[in-house]
Amino acid sequence: DIVMTQSPDSLALSLGERATINCKSSQSLLHNSNNKHYLGWFQQKPGQPPKLLIYWASTRQSGVPDRFSGSGSGTDFNISIRSLQPEDVAVYYCHQYYTTPHTFGQGTKLEIK
Amino acid sequence: QVQLVQSGAEVREPGASVRVSCKASGNSLTTYYDHWVRQAPGQGFEWMGMINPGGSSTTYAQKFQARLTMTRDTSTDTLYLDLDNLRSDDAALYYCARASGGEYRALDYWGQGTLVTVSS
């Protein structure tokens, strides 16, 4: 199975700051057939199901604010949240859909200082 | 816009079976796969398996192979998860999720979750 490791486990920043969460996969998520990375990012708020923010490592899901951006390649990826807002408090997860079983990072809890 | 509505919370004793349903509405997609993912209390996500639109093909995570069945009623676009021989560590929030666009795609639509409690 592909192991997904996120860092840090938690993050506390001030409003307006930039948050960056990292995700490392145990093998490349690049599919040579279409040159896409099979990596997504979810946001989960308490009591809610996950919400897809980013897919193909860097494509923003429709309706997601442009302060969220994803980047990376091969085995190393990150999501950045520019100018933190109160509503960004959540747990963020990376997810690989390159192969089965799909696997997820352990989550990064983002809080406001 | 696709909406996935799951059945209500279930309580089962160890060794029993549970069925969770997930009804889709607003679907105009012809290419998608449906998945089941669970989340133990305060924990991360565990992928259980996926099923194709016609219900003819399933792929399960190896750890669930012996006791998991995923099916679909295409007439009502309702997805079912059956998990047998429940153990205490099966207690979790079970989510259905749809990956629009095909087999290996991001999970872009999620149900609200169904809490399964396993207790004697």
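Within residues 93-109 of chain B, the residues having any heavy atom less than 4.5 Å from a heavy atom of chain A are, in residue-number order, B:Tyr95, B:Tyr104, B:Arg105, B:Ala106, B:Leu107, B:Asp108. Heavy-atom neighbours of chain B within the stretch residues 89-113 of chain A, taken at a separation under 4.5 angstrom, comprise A:Tyr93, A:His95, A:Tyr97, A:Tyr98, A:Thr99, A:Thr100, A:Pro101, A:His102, A:Phe104.
Connection of B:Leu83 to B:Trp47 is not established within any shared hydrophobic cluster, with ILVMFWY side chains joined at heavy-atom distances below 4.5 Å, either directly or through further cluster members. Residues A:Leu13 and A:Leu15 share a hydrophobic cluster, clusters being chains of Ile/Leu/Val/Met/Phe/Trp/Tyr side chains in contact below 4.5 Å. Both A:Trp56 and A:Phe68 belong to a single network of hydrophobic side chains, linked directly or stepwise wherever heavy atoms of I, L, V, M, F, W or Y lie under 4.5 Å apart. Follow the hydrophobic side-chain contacts under 4.5 Å out from B:Tyr80 and you never reach B:Ile51; the two are in separate clusters. Under the 4.5 Å side-chain heavy-atom criterion for grouping Ile, Leu, Val, Met, Phe, Trp and Tyr, B:Leu79 is connected to B:Leu68 within one hydrophobic cluster.
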Which atom pairs, one a donor and one an acceptor, fall under 3.5 Å between side chains of residues 56-63 of chain B and the rest of the protein, sequence neighbours left out?
residue: B:Ser56; atom: OG; partner: B:Asn52; partner atom: ND2; Å: 3.0
residue: B:Tyr60; atom: OH; partner: B:Met70; partner atom: N; Å: 2.8
residue: B:Lys63; atom: NZ; partner: B:Glu46; partner atom: OE2; Å: 2.8

A:Phe42 and B:Phe45: CA distance, side-chain angles, deciding distance, side-chain contact (heavy atoms from CB on, under 4.5 Å) verdict: CA-CA 11 Å; A:Phe42 291 102; B:Phe45 295 100; 5.7 Å; no
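Using a 4.5 Å cut-off between heavy atoms, B:Met50 contacts chain A through its side chain alone, with no backbone atom that close.
Chain B forms more heavy-atom pairs under 4.5 Å with one residue of A:Pro49, A:Gly40, A:Gly47, A:Pro50 than with any other, namely A:Pro50. Options B:His35, B:Gln43, B:Met48 differ in how many heavy-atom pairs under 4.5 Å they form with chain A, and the most are formed by B:His35.
Every side chain to side chain contact (heavy atoms under 4.5 Å, CB included) that A:Ser73 has, sequence neighbours left out, goes to A:His37.
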